[in-house]
Structures are given as C-alpha cells and as structure tokens.
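Only one structure is covered here, and it is reproduced in the block below.
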Amino acid sequence: MRTITIKPKAITHNLSEVKKRAPQSKVLAMVKSNAYGHGVAAVLPALQQADGVGVATLTEALEVRQLGWNKTIGLVEGAFSADEWQQAIEHDISCVIHHGLQLEWALRNVPPANSATNVVWLKYNTGMNRLGFNAEGVLSAAKRLYEAGYQLILATHFANADDHDHPLNAMQIERFSSVLATLKDTISPDIQGSLCNSAGIVNFSEHHYDWVRPGIILYGSSPVTDKSAQVLNLQPAMDFSAQIMALQTVSANDAIGYGSRWQAQQDTRTALVSVGYGDGYPRVVNDDAYVTVIDANSNQSYRCPVVGRVAMDMIVVDISKTPESLALDSTVTLWGDTPRVDEVAGHAGTISYELLCRLSIRPNRIQA
C-alpha cells in the first residue's frame with residue numbers, strides 16, 4: 001500500500017509561522033499546482049486565516065472558487081486571452097498584469113469598482129527577467145490603470161531570495177522600493193506593494209510590504225539555503241509511505257536491481273518496498289538516501305539506506321540494523337518527519353517543490 005497522508009493542522013501551523021514573521025502584511029497563500037501536490041480541496045480549509053490564495057492558471061482559480069473559497073484569488077500569471085480576462089471578471093478573480101496585451105484587455109473591459117478583478121497586481125521585472133514590465137513600462141501602465149479606476153498592487157519576484165547574501169537581492173529590493181515610492185508620490189499613496197515569496201519572508205523581514213506570498217513554506221519545507229525546516233519551526237504537511245512487500249538476504253558480492261548499481265559487501269538483509277518512481281519517489285537518489293522503517297511488531301523506527309536503483313514500482317532498502325523478526329507488512333516512511341522531503345530532494349539533486357508537485361495519482365490519499 002502506497003499512502004500519501006496530508007496534515008491540514010501542519011499547514012495551519014505553518015501559516016501561523018508566516019503571520020508571526022510578517023504581522024503587518026496580508027497573506028496570499030500559494031495553492032498552485034494542486035497546492036504543491038497536497039491537493040487543493042484538502043488544503044483550503046487549513047488556510048482560512050489567509051487573506052487570499054494564489055494560483056497559476058484560470059482553471060486552478062475556477063476550481064478554488066467552486067470549492068467555496070470566497071476571499072481573494074490571485075491569478076499570478078494573469079489572463080492568457082481577452083476571454084479569460086472576461087471570465088476573471090465573472091468569477092471575481094484578481095489578476096496579475098505583466099505585458100501589454102493584458103493591459104489592453106483590462107483597459108477595454110473595466111470591471112465594477114467593487115469587483116475583485118478591479119484590484120490589479122502589476123508585475124515589475126526587477127531582475128528575474130521572466131514576467132513583467134521594465135521601470136518605464138510599469139510607471140506608464142500604472143498611470144493608465146489608475147486613471148481607468150483600478151486599484152493597484154505593485155508586485156515583483158525575487159530570483160535569489162533563498163541565498164540571503166546574493167547581490168541581486170539588494171538590487172531588486174532597491175529597484176522595487178524606488179518604483180513603489182514613485183508610484184505613491186506621482187499617482188496615489190494607496191498603491192500597495194508585494195515583494196516577498198517564502199524565502200523573502202524569512203530573509204528580508206524589513207521588506208514585507210502590504211502582501212506576502214508564501215508557497216513552499218506553508219507545506220513544511222525550508223525556502224532558504226542556510227536554515228532547515230526544523231530550525232524555522234515548520235511542520236511537514238505530507239507523509240509519503242509504503243509497506244514492505246518482501247524480505248530477503250542478498251549474498252556477499254551479489255548486486256541488486258537494474259544496472260547492478262549496488263553490490264553487497266557481505267551477506268545483507270534487505271526489504272523490497274512497494275513504491276518507486278511511478279509513484280513519485282525520485283529514481284536518481286544517491287547513496288546517501290534513506291527511509292524510516294517502522295517495525296509493525298514493536299513500533300520501533302529504524303533508519304535504513306536505499307540500495308540499488310529505484311525502479312518504477314519498488315525500491316530495496318538495507319534492513320541489517322533492524323530485528324530479525326521485522327514484520328513483512330511494516331511501514332516505510334519515504335518522507336515526512338524523518339526523512340524530511342528537503343533531505344530526499346537533496347539526495348536527488350533537486351528541490352522539494354519538484355518532488356511534491358510530481359507525485360503520481362497511484363498512491364492512496366488520506367487526511368490525518
């Protein structure tokens with residue numbers, strides 16, 4: 001049995017940690033990519049203390065609205081067509097505007113003053129060089145939108161906020177604060193600002209502005225390079241587990257799995273676990289990867305290395321340090337409290353975001 005257990009109470013706890021760090025800011029909680037793989041329907045009830053949620057596509061926005069969310073929904077990539085802009089108005093969705101066509105759609109079809117779509121997140125490219133207007137363009141767009149009756153939130157996105165000392169951070173902060181000050185002076189003091197993602201919330205407390213946009217931090221992973229999730233007092237919002245399906249002893253000098261990647265140095269007790277990359281466990285973990293085996297007989301936990309290459313449907317773990325009586329149906333934690341998903345991601349040369357978002361539909365999903 002492969003099982004993904006979602007823990008809404010952990011998400012609520014992590015949101016409270018965000019609010020402690022940014023007590024003067026509103027919170028747009030990111031639930032894009034099916035709430036980072038956790039399931040939007042499971043996550044929304046845990047985010048009731050957020051001021052809004054952020055999504056990447058109109059389809060995601062409509063799902064959130066259909067699930068009963070009646071606060072702000074921020075469409076962070078904006079409308080992809082004039083028709084989508086009209087649908088955003090119809091469903092009371094607030095949009096990012098980051099290029100000229102989106103600006104024209106907004107100016108041709110202005111929503112009522114009391115519509116959520118009347119609040120525009122105007123994207124300023126301060127150095128990420130993906131989406132957004134340059135400084136001159138954002139000033140021009142802001143003037144036109146304000147004169148058309150829109151309320152404005154200037155937004156940008158850090159490229160390196162996970163690394164506190166990266167030199168581009170200071171440059172992006174200076175560019176953002178300068179343009180925001182100009183907008184407030186020349187257009188309206190009511191224009192708001194939104195700079196910080198999860199890493200920015202942790203690393204740049206003096207620059208939280210009016211809205212923060214937490215993502216991975218809500219789900220219990222660390223967004224920064226120099227502090228673990230435990231140090232940040234974050235709780236994992238997901239446990240990914242499976243069960244032992246077979247036990248065997250591999251003789252010395254025999255190899256395990258595809259490519260014979262791992263060879264036993266001595267007779268080694270191993271367990272086959274019913275999970276693999278077909279479920280979302282990464283195929284490319286290195287030799288430091290481990291799981292936690294919980295003996296069904298004693299409920300004792302044991303750290304056990306992953307050995308051999310991860311296959312589509314199973315992995316093999318070295319259970320030499322567990323009792324000879326280890327039960328066949330013992331639970332194996334792939335990530336959760338131990339190891340944390342950040343650790344597994346490190347062993348796979350990637351980040352926790354990717355592991356969480358690419359989980360397959362095969363594991364059974366439950367809520368704690």
Side-chain angles (χ1 to χ4, degrees), residues 1-7 9-10 37-38 42 220 229-230 235-252 254-258 261-348 352 355-356 358-368:
M1 172 87 59
R2 304 147 167 96
T3 305
I4 292 171
T5 304
I6 305 302
K7 300 184 284 188
K9 289 182 180 179
H38 291 69
Q230 295 93 320
Q235 297 177 3
M238 176 192 293
D239 289 338
F240 185 18
S241 63
Q243 287 182 301
I244 292 175
M245 59 186 292
L247 299 166
Q248 65 177 3
T249 297
V250 177
S251 299
D254 279 354
I256 289 176
Y258 291 117
R261 175 174 172 268
W262 183 89
Q263 187 176 46
Q265 301 303 303
Q266 57 194 20
D267 290 356
T268 304
R269 293 170 50 240
T270 64
L272 281 75
V273 185
S274 59
V275 71
Y277 63 78
D279 304 284
Y281 189 80
R283 179 179 179 273
V284 294
V285 291
N286 61 28
D287 292 338
D288 294 324
Y290 71 95
V291 298
T292 296
V293 174
I294 305 170
D295 186 358
N297 290 324
S298 64
N299 207 36
Q300 292 294 307
S301 298
Y302 302 90
R303 175 172 169 151
C304 298
V306 177
V307 295
R309 183 168 289 165
V310 173
M312 183 183 293
D313 309 307
M314 67 187 77
I315 63 173
V316 182
V317 300
D318 179 346
I319 57 168
S320 299
K321 295 183 179 180
T322 68
E324 294 277 353
S325 59
L326 181 71
L328 181 64
D329 59 347
S330 294
T331 297
V332 176
T333 300
L334 306 166
W335 64 67
D337 289 326
T338 305
R340 293 287 183 115
V341 67
D342 292 333
E343 293 180 80
V344 181
H347 298 321
S352 59
L355 297 190
L356 295 171
R358 75 180 188 187
L359 288 165
S360 79
I361 61 173
R362 183 160 63 175
N364 181 44
R365 284 179 173 260
I366 61 175
Q367 287 190 42

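Residue indices begin at 1 and follow the sequence shown.
- Annotation: the span from Gln243 atom CD to Thr3 atom OG1 amounts to 7.0 Å, rounded to 0.5 Å.
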**OP:** Might you work through the side-chain contact (heavy atoms from CB on, under 4.5 Å) test for Trp335 and Leu356, ending with a clear yes or no?
**Re:** CA-CA 10 Å; Trp335 64 67; Leu356 295 171; 4.0 Å; yes
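- Taking all atoms of both residues into account, the shortest heavy-atom contact from Thr268 to Ser320 is CG2-OG, 3.5 Å.
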Original post:
Under the side-chain contact (heavy atoms from CB on, under 4.5 Å) criterion, do Thr338 and Arg303 qualify, and how do the steps go?
Top reply: CA-CA 9 Å; Thr338 305; Arg303 175 172 169 151; 6.0 Å; no
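- Arg365 CZ to Met238 CE: the interatomic distance, rounded to the nearest 0.5 Å, is 5.5 Å.
- Taking all atoms of both residues into account, the shortest heavy-atom contact from Ser360 to Gly278 is OG-O, 2.7 Å.
- For the pair Ser330 and Ala327, the tightest heavy-atom approach, listed with the atom from each and the gap, is OG-O, 2.8 Å.
- Looking at Phe240 and Val341, their side chains never come closer than 4.5 Å, going by heavy atoms from C-beta outward.
- Put simply, the side chain of Val273 does not reach to within 4.5 Å of the side chain of Tyr281, judged on heavy atoms.
- Of all non-hydrogen atoms in Ala271 and Leu247, the two that sit nearest each other are CB-CD2, 3.8 Å.
- When all heavy atoms are compared, the tightest approach of Ala229 to Arg340 is CB-NH1, 3.5 Å.
- At a threshold of 4.5 Å between non-hydrogen side-chain atoms, the residues Lys321 and Cys304 do not count as touching.
- The closest side-chain heavy-atom distance from Asn297 to Leu326 is not below 4.5 Å.
- Crowding of Asn364 atom CG: a count of heavy atoms from other residues, nucleotides or ligands under 6.0 Å exceeding 12.
- Put simply, CD on Glu324 and CD1 on Ile319 are 8.5 Å apart, with the number rounded to the nearest 0.5 Å.
- Note that CD1 of Ile294 is 4.0 Å distant from OG1 of Thr333, once rounded to the nearest 0.5 Å.
- Taking each heavy atom of Asp318 and Arg269 in turn, the nearest pair found is OD1-O, 3.5 Å.
- Rounded to the nearest 0.5 Å, atoms CE (Met245) and CE (Met1) are 13.5 Å apart.
- Annotation: the span from Arg309 atom CZ to Arg261 atom CZ amounts to 6.5 Å, rounded to 0.5 Å.
- The side-chain heavy atoms of Pro282 and Val310, taken from C-beta on, include no pair separated by under 4.5 Å.
- In this pair, His347 and Tyr290 present their aromatic rings perpendicular. The plane angle is above 60°, beyond the 30 to 60° band.
- Gln265 places a side-chain N or O within donor-acceptor distance of the main-chain N or O of Gln263, the cut-off being under 3.5 Å.
- Looking at Asp295, its side chain never comes within 3.5 Å of a backbone N or O of Pro323 through a donor-acceptor pair.
- With contacts defined as side-chain heavy-atom distances shorter than 4.5 Å, the pair Asp279/Leu334 does not qualify.
- Looking at Val332, Asp313, Leu359 one by one, the single match for side-chain contact (heavy atoms from CB on, under 4.5 Å) with Arg2 turns out to be Asp313.
- Side-chain contact between Ile256 and Thr270 is present, with heavy atoms from C-beta onward closer than 4.5 Å.
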